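Inspection log for the structure reproduced underneath, given as structure tokens.
A note on names: the letters A, B, ... follow the listed sequences, proteins ahead of strands, and every chain is numbered from 1. This is a predicted model, so every value here is computed, not measured.
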6 protein chains.
Amino acid sequence: MTKNTFTSVVDESSSSGKVQIVYDDIKKTLGIDFIPNMYKAMALNPDYLELTWNRVQSIMTKEGKLDKQTKDIIALTVSIMSGSRYCIDVYNETARNEGLDDEAITEIYAIIDIYSGLNRFNIAQQTQKDEKPWYGCGG
Amino acid sequence: MTKNTFTSVVDESSSSGKVQIVYDDIKKTLGIDFIPNMYKAMALNPDYLELTWNRVQSIMTKEGKLDKQTKDIIALTVSIMSGSRYCIDVYNETARNEGLDDEAITEIYAIIDIYSGLNRFNIAQQTQKDEKPWYGCGG
Amino acid sequence: MTKNTFTSVVDESSSSGKVQIVYDDIKKTLGIDFIPNMYKAMALNPDYLELTWNRVQSIMTKEGKLDKQTKDIIALTVSIMSGSRYCIDVYNETARNEGLDDEAITEIYAIIDIYSGLNRFNIAQQTQKDEKPWYGCGG
Amino acid sequence: MTKNTFTSVVDESSSSGKVQIVYDDIKKTLGIDFIPNMYKAMALNPDYLELTWNRVQSIMTKEGKLDKQTKDIIALTVSIMSGSRYCIDVYNETARNEGLDDEAITEIYAIIDIYSGLNRFNIAQQTQKDEKPWYGCGG
Amino acid sequence: MTKNTFTSVVDESSSSGKVQIVYDDIKKTLGIDFIPNMYKAMALNPDYLELTWNRVQSIMTKEGKLDKQTKDIIALTVSIMSGSRYCIDVYNETARNEGLDDEAITEIYAIIDIYSGLNRFNIAQQTQKDEKPWYGCGG
Amino acid sequence: MTKNTFTSVVDESSSSGKVQIVYDDIKKTLGIDFIPNMYKAMALNPDYLELTWNRVQSIMTKEGKLDKQTKDIIALTVSIMSGSRYCIDVYNETARNEGLDDEAITEIYAIIDIYSGLNRFNIAQQTQKDEKPWYGCGG
């Protein structure tokens, strides 16, 4: 048997109560006809599933200060820095679905490359704060 | 003596040749009247300083696919994920200078919190790719 | 040829001296009839193998302050945070062998998700220590 | 002015509505008479504060599969692996408040030392899964 | 279709201008008759490809303070700490090509194991600087 | 009271038995007249102190395949990638004591900068192995 996650998961056919309600909301909100492996794995603890889903929705879907594309680019960047292949895959698909093409994706990766390097240089040097502020790459 | 970096640095008064040219370009491009500690530390290897500065400029300042604010938000996110205090400080200042207020900054941090957690959950589960694509938080 | 590790390994049939002694101790202590790939790779440097094995045993097997299950949960948590698939696999098997079921494992993963997120939020904010102590989630 | 976080925070005196309700719940649940800097920073986005607090409570305080001390040890381990000084401080205090003494804390740190090393060795080797399962340090 | 990278790549047959010049330099400098996947992916942004390649060459190939083998060992160590399987593969091949045998590679991995552990212990303890300097492992 | 580590430590004046023996060996081997904070913190668990010290000595001090300076450069690189300020300080002192000057240190940092960036780019791209081997930066 191939397993999609370490723990067993709650399939839609066997979901009930709180899990079923969240599953229905996931499919409706995301416009899909299946439950992603990640959420199926969370459903072993229905409160964890519900509270995680609601929190994600509140920050990512509800109107806030940042536009949707910027939010998805932050999620992609965090995924690349954290290194979960599953999340990198999902947010790569998401970025393309948002309209970002290969050139834009390459630009995101180039920025991640550059600042991963510069951060490590400054950790090495334990660089102290400058006496006056400056603004990254100016204006 | 308090040191701003582990290695000694090349102060403006003693810069010459390639270093002086880059220093002048840094001040002009960033609209500041000093050289940040990070670049002063790089100047011990003038080629490294020049090639790093040009590469940063090419990706961050030159017109590309993403707007300037989005690029700076990616740089801030990478800095928070990498953990260099110096870079976090610089890009926090940069984000504010770009017009992002406390609510917008908190939104960025909330997204970083959420996806740092979800990535780790999926690393724990070694979650396998879903058979059909889905797009993060829909919408 | 499929390789199990980058370097060649010391198979049981060709082990001798110090390596053979440690191999015998590994099989006896762990109650298995093979040498795990990790230890076979270390055996290229017999002192490294012996000193690593003895150190692991001293902390993990010898009676200490924490019970065996708690120690294994810490090892699983460190493996998930470090990201070695090999170690995640081994400690997932270990946790189940210790009697932890899918619900318990999900609880561990949920805590890891939550605190990976909160740590990152506080790195972003460079949050300063509170003037008075407080105790996580009380109780 | 010394700032405790990068963003401004919502002090108790100026809290209202949802924030005030959560603040009261935090003080009551944790048995403290102040709001930790972390939660004050989150309050700039009241939904984020509320949803994060409820999720933390649900996993950490509600009766689950693991006892309270084990949960706190996982939170401490994640904090050390993530590297937020604020969280390390809070969970160090928590562990001591739970009754763990210096010897027990040292044992936790020793396990973290050992498995941080072994994980990195196996990432270096890209060690493949053994054909048969084995259980960490046996016993 | 199997993809070697997330984004599409610029194959040699369709390269032109700046990309073609860098591609020719890569093949000549590295003594190979193909373009590695990493550089093909960068070529979607020709400036990024050129500036990255030149910077890598300047530090790694140009005569500096450290000998070539030491530089390659640093690159291997960074790759293992960062966790990109692609880079670990390339620098493992490089180390062997430099003349390092299985025993030498195991020694590198042992040092990485030891210091990954000790660093984490000192992050846990937030160990303060000693009043007098000392030099690692003496000698 | 300022604490040098989270846990209390075993001062030389109160050391005895196994701890005293290791303390004497540390001072003699490293040529110093004090016990570094790191080892004093480990001494709360005498077996952990002894086994860690012996393992470090075996890999770092005993004649092996790599020369002493290369070993120390690997330890410095791991420390910078792991981010313990204590270890970065110790290995920075060590590198200078080994005869590395500011230019050489800057070269190490430049390599760490470059490969931290490239690793992250390849994690983003999930770059697949090339069909033929290549050797980093040729030469």
Handout entry: Portion of B/Arg96 that has a non-hydrogen atom of chain D nearer than 4.5 angstrom
Key = side chain
Exercise for the section: Please check if the side chain of B/Asp102 supplies one atom and the backbone of D/Thr7 the other of a donor-acceptor pair under 3.5 Å. Expected result: no
Practice task
Check the pair B/Asp113, D/Met42 against side-chain contact (heavy atoms from CB on, under 4.5 Å), reporting the backbone distance first and the verdict last.
Solution key: CA-CA 11 Å; B/Asp113 166 354; D/Met42 286 181 179; 4.3 Å; yes
Exercise for the section: Report the option among D/Thr52, D/Leu44, D/Asn45 that has the most heavy-atom pairs separated by less than 4.5 Å from atoms of chain B. Expected result: D/Leu44
Exercise for the section: Please tell me if the side chains of D/Phe6 and B/Tyr109 come closer than 4.5 Å, counting only heavy atoms from C-beta onward. Expected result: yes
Problem - Part of B/Asp89 within contact of chain D (heavy atom distance under 4.5 Å) - result: both
